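Report on the structure given below.
Every number for a ligand or one of its atoms is a count from 1 in the order of the listing. If you're wondering where the values come from, they're calculated on a predicted model, not measured in any experiment.
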Amino acid sequence: MSHAHPRISKAVIPAAGLGTRFLPATKATPKEMLPVVDKPAIQYVVEEAVSAGLEDVLMVTGRNKRPLEDHFDRNYELESALASKGDADRLAKVQESSDLAMIHYVRQGDPRGLGHAVLCAAPHVGDEPFAVLLGDDLIDPRDPLLQRMVEVQETYGGSVIALMEVAPEQIHLYGCAAVAPTGDSDVVQVTGLVEKPDAADAPSNYAIIGRYVLDPHIFEILRTTRPGRGNEIQLTDALQQLVQADESAGAEGGPVHGVVFKGRRYDTGDRGDYLRAIVRLACEREDLGPDFRTWLQRYVAEEM
Ligand code: G1P
């Protein structure tokens with residue numbers, strides 16, 4: 001029997017947020033279902049997990065999230081209507097999301113923060129490293145970040161987070177990492193973490209973007225992590241404890257490394273970012289892009 005490290009196969013997608021920044025659109029529709037061009041935001045995220053080889057996906061949901069389950073399930077009525085019309089293209093689009101991955105659901109109940117959402121995944125994940133993907137960050141499939149993070153976790157062990165350099169005036173919107181170089185130019189050792197610091201207190205301009213590959217010891221830590229910023233149980237605080245435990249005693253679960261991402265990332269977290277993400281992605285689409293770009297250039301020239 002091989003004792004090699006188990007291949008990472010599970011992805012956790014927290015999707016229990018209320019989406020209040022998008023009201024009234026999110027009154028009866030989960031924010032994860034809002035379309036980015038013509039696909040719900042959450043489908044991009046599941047596709048990303050699958051292309052990194054993670055085909056077991058756990059969504060941590062809450063009340064009003066039934067449309068998520070329906071989206072990744074079969075829709076026989078629609079499928080047979082399209083089949084009888086001979087509309088193979090649209091039929092394929094309907095079937096794509098239900099054939100993507102093995103998707104499981106767990107409810108968060110009390111929304112007590114990202115750390116708490118991740119803790120809800122413990123019974124499903126068990127004792128293996130796993131990935132966490134946050135739905136507000138879309139990563140361009142041409143710049144495969146998660147795959148690289150899985151490789152880095154296999155090389156260095158412990159946990160791996162995704163980092164991106166941001167302007168100092170933006171750092172208060174993110175978890176922030178103090179880092180030291182490693183022998184790999186795109187990998188840093190994380191020496192400290194703080195959730196959404198004021199610019200003046202930030203240890204660097206390295207922001208955590210919503211991708212993590214975590215050692216299962218994180219669950220033990222999350223069980224005792226006190227509420228932090230915003231009175232929520234913060235994943236960043238639990239990771240900071242992993243960093244400290246590793247530094248002082250080489251404890252199990254550490255170290256924490258960061259993959260520095262320089263690729264294309266689309267933020268859909270608030271209305272302005274969401275609009276920018278749609279315009280950028282629409283411009284790049286082969287089917288819609290050429291016409292849309294021509295219109296956009298004319299619109300900008302005439303209206304601005
Ligand atoms: C969460 C994390 C934060 C991270 C961010 C990335 O914050 O707590 O550390 O930088 O995601 O998108 P949220 O944006 O959910 O408030």
Side-chain angles (χ1 to χ4, degrees), residues 11-22 26 30-32 34 36 41-42 44-45 48-49 59-62 108 111-121 131-140 145-146 149 159-179 188 190 192-199 201-214 218 221-222 225-243 256-261 263-274 276-277:
V12 173
I13 305 182
L18 295 174
T20 50
R21 281 183 277 191
F22 288 89
T26 47
K31 74 165 175 178
E32 293 80 8
L34 296 181
V36 177
I42 189 83
Y44 290 86
V45 180
E48 184 191 334
M59 286 194 195
V60 184
T61 67
Q108 192 177 357
R112 289 162 56 204
L114 177 59
H116 179 244
V118 171
L119 186 53
C120 293
V132 174
L133 293 87
L134 306 188
D136 285 347
D137 288 298
L138 302 186
I139 304 294
D140 196 298
L145 168 63
L146 193 57
M149 294 174 71
S159 296
V160 179
I161 61 179
L163 298 173
M164 198 163 152
E165 290 194 71
V166 300
E169 62 273 17
Q170 296 281 305
I171 198 74
H172 71 280
L173 301 169
Y174 299 94
C176 175
V179 302
V188 289
V190 174
L193 286 163
V194 45
E195 179 68 4
K196 304 201 173 100
D198 291 337
D201 305 327
S204 76
N205 65 334
Y206 284 101
I208 305 176
I209 53 175
R211 300 293 180 271
Y212 308 79
V213 176
L214 299 174
I218 198 76
I221 297 178
L222 282 168
T225 301
R226 315 292 319 154
R229 203 172 167 94
N231 204 26
E232 293 189 338
I233 298 173
Q234 296 291 350
L235 182 57
T236 305
D237 294 346
L239 282 162
Q240 164 65 2
Q241 286 186 54
L242 262 188
V243 170
V256 179
H257 285 89
V259 168
V260 179
F261 183 63
R264 285 156 283 198
R265 161 181 173 263
Y266 311 94
D267 189 341
T268 59
D270 70 30
R271 290 173 302 173
D273 289 331
Y274 173 72
R276 284 184 276 276

Ligand 1 versus Ile208: contacting region, heavy-atom distance under 4.0 Å: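 Both backbone and side chain.
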Counting only heavy atoms closer than 4.0 Å, does ligand 1 sit against the backbone of Leu134, its side chain, both, or neither?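 Within the 4.0 Å criterion, Leu134 contacts ligand 1 through side-chain atoms alone.
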Minimum non-hydrogen distance to atom 2 (C) of ligand 1, winning option of Arg265, Arg229, Glu195, Arg211: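 Selected option, by shortest heavy-atom distance: Glu195.
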For the side chain of [X] and the backbone of [Y], is there at least one donor-acceptor N/O pair under 3.5 Å apart?
{"X": "Asn205", "Y": "Val166", "answer": "yes"}
{"X": "Arg211", "Y": "Leu145", "answer": "no"}
{"X": "Thr236", "Y": "Gly175", "answer": "no"}

Heteroatom distance test (Asp137, ligand 1): nitrogen or oxygen, under 3.5 angstrom: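 Between Asp137 and ligand 1 (N or O atoms, distance only) the closest approach is under 3.5 Å.
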For ligand 1, which is the ligand I care about here, please tell me if Leu114 has any N or O atom under 3.5 Å from one of the ligand's N or O atoms.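 In fact, backbone or side chain, Leu114 has no N or O that close.
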For the aromatic rings, using the six-membered ring if either is Trp, is the centroid distance between Tyr44 and Tyr266 under 6.0 Å?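 Ring centres of Tyr266 and Tyr44 not closer than 6.0 Å.
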Considering only NZ, NE, NH1 and NH2 on the basic side and carboxylate oxygens on the acidic side, decide whether Lys31 and Asp136 come within less than 4.0 Å.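 Asp136 and Lys31: salt-bridged.
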Show the atoms of ligand 1 that are less than 4.0 angstrom away from any heavy atom in [X].
{"X": "Gln234", "answer": "8 (O)"}
{"X": "Thr236", "answer": "9 (O)"}
{"X": "Gly175", "answer": "3 (C), 4 (C), 9 (O), 10 (O)"}

What is the closest protein heavy atom to atom 15 (O) of ligand 1, and at what distance does it sit?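 Here the nearest protein heavy atom works out to Lys196 NZ, 4.7 Å.
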Kindly give the heavy-atom pair with the smallest separation between Val45 and Asp137, and that separation in Å.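 What the structure gives for the nearest pair is CG2-O, 4.5 Å.
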Rounded to the nearest 0.5 Å, how far does CD1 of Ile208 lie from CG of Leu193?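 Result: 5.0 Å between the selected atoms.
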